[in-house]
Trainee: 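Could you have a look at this structure, given as structure tokens, before my questions?
For the numbers below, each heavy atom of this structure counts, side chains included, while hydrogens, waters and symmetry mates do not.
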Amino acid sequence: YDTISDHFIFMIFFFFKQKTAYEMLRSLVGSEMCIRDRIQADLDAADKETDEGHWDYKLTQDGEEHGPFTTAQMADWATQGYFSSESPALVRMRDPRKPLDEIPFQPSTEVDFEAYADLMDL
């Protein structure tokens with residue numbers, strides 16, 4: 001550099017082009033947040049898709065909820081007598097369009113799991 005003005009211009013350029021560690025960290029955090037949010041949205045969508053055709057059951061009205069289980073599992077258990085009139089359970093079929101707490105349980109004796117299993121195979 002030949003003159004003081006060249007040094008001055010270089011220093012101004014260098015000064016304004018540098019990012020501080022705080023600025024770099026802040027932009028990384030923003031990027032990470034966007035990635036995290038996108039991944040969470042994808043996971044939520046996948047959870048909703050996998051909820052379709054799945055069931056929960058509980059043994060009593062105030063009992064512990066168990067699930068999710070596939071329609072094939074529920075049909076198999078019904079065939080084995082786990083949901084007979086002597087030992088009925090309460091069941092609900094998950095619907096990815098509704099929150100779980102909005103889907104009511106119904107007596108297992110009122111559900112034809114094999115018919116649902118056949119529908120799910122289509």
Side-chain angles (χ1 to χ4, degrees):
Y1 297 99
D2 294 47
T3 65
I4 293 177
S5 65
D6 288 338
H7 283 276
F8 182 70
I9 290 171
F10 175 74
M11 288 176 64
I12 288 176
F13 176 77
F14 183 78
F15 178 75
F16 286 110
K17 282 304 214 183
Q18 293 295 322
K19 284 190 173 186
T20 65
Y22 173 75
E23 290 171 319
M24 290 190 307
L25 182 62
R26 193 176 67 196
S27 66
L28 286 176
V29 168
S31 298
E32 290 170 355
M33 287 170 46
C34 290
I35 292 168
R36 184 201 63 212
D37 292 345
R38 185 174 58 233
I39 289 171
Q40 187 60 49
D42 291 345
L43 289 173
D44 291 343
D47 284 345
K48 285 187 175 186
E49 287 176 15
T50 58
D51 274 351
E52 191 162 9
H54 283 75
W55 297 79
D56 299 307
Y57 79 88
K58 58 185 180 178
L59 299 176
T60 63
Q61 187 65 35
D62 297 325
E64 182 180 353
E65 296 177 15
H66 303 279
F69 299 101
T70 65
T71 301
Q73 287 172 305
M74 298 295 277
D76 189 41
W77 291 338
T79 301
Q80 294 176 30
Y82 288 112
F83 302 129
S84 67
S85 57
E86 293 83 37
S87 59
L90 298 169
V91 298
R92 71 173 169 208
M93 184 176 192
R94 292 185 175 206
D95 183 340
R97 298 164 296 192
K98 296 180 182 177
L100 281 179
D101 59 351
E102 290 182 10
I103 304 171
F105 280 87
Q106 60 184 344
S108 58
T109 54
E110 295 178 7
V111 178
D112 184 352
F113 292 106
E114 289 191 32
Y116 277 109
D118 290 341
L119 286 173
M120 298 309 287
D121 288 337
L122 294 178

Trainee: Between D56 and V91, does a side-chain contact (heavy atoms from CB on, under 4.5 Å) hold up when you go through it step by step?
Mentor: CA-CA 6 Å; D56 299 307; V91 298; over 6 Å; no
Trainee: May I have all residue pairs that pass ring pair (Phe, Tyr, Trp, His ring centres under 6.0 Å) and include part of residues 87-114, sequence neighbours excluded?
Mentor: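 Listed by first then second residue: W55-F113, F83-F113.
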Trainee: Name all pairs fulfilling the side-chain hydrogen bond (donor to acceptor under 3.5 Å, both in side chains) condition that reach into residues 101-110, sequence neighbours left out, sorted by first residue then second.
Mentor: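 Non-adjacent pairs meeting side-chain hydrogen bond (donor to acceptor under 3.5 Å, both in side chains): zero.
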Trainee: Between G81 and S87, what is the shortest heavy-atom contact and its length?
Mentor: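 Smallest heavy-atom distance, with atoms named: O-OG, 3.9 Å.
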Trainee: How far apart are the closest heavy atoms of T60 and L90, and which atoms are they?
Mentor: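 Taking every non-hydrogen atom into account, C-CD1, 3.8 Å.
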Trainee: Taking only residues two or more places apart in sequence, or in another chain, which ones meet E86 in a side-chain hydrogen bond (donor to acceptor under 3.5 Å, both in side chains)?
Mentor: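 If we apply the side-chain hydrogen bond (donor to acceptor under 3.5 Å, both in side chains) test to E86, skipping adjacent residues, the hits are S84.
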Trainee: On a heavy-atom basis, which atom in L59 and which in A89 lie closest, and how many Å separate them?
Mentor: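 Of all heavy-atom pairs spanning L59 and A89, the closest is CD2-CB, 4.2 Å.
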Trainee: Would a 4.5 Å heavy-atom cut-off, applied to side chains only, mark H54 and T70 as touching?
Mentor: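 Touching, per the 4.5 Å side-chain cut-off.
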Trainee: Does anything in residues 58-67 pair up under salt bridge (charged side-chain N to carboxylate O under 4.0 Å, His left out), and if so which pairs, sequence neighbours excluded?
Mentor: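 Passing the test, one end in residues 58-67: E65-R92.
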Trainee: For F69, enumerate each residue passing the side chain to side chain contact (heavy atoms under 4.5 Å, CB included) test, keeping only those at least two apart in sequence or located in another chain.
Mentor: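 Once residues adjacent in sequence are excluded, the partners of F69 under the side chain to side chain contact (heavy atoms under 4.5 Å, CB included) criterion are Y57, H66, Q73, M74, W77.
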Trainee: Could you work out, with salt bridge (charged side-chain N to carboxylate O under 4.0 Å, His left out) as the rule, every residue matching E114, not counting sequence neighbours?
Mentor: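 Scan of E114 (salt bridge (charged side-chain N to carboxylate O under 4.0 Å, His left out), adjacent residues dropped) gives none.
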Trainee: Nearest 0.5 Å, what's the CE-CD1 distance between M93 and I103?
Mentor: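 CD1 of I103 is found 9.5 Å from CE of M93.
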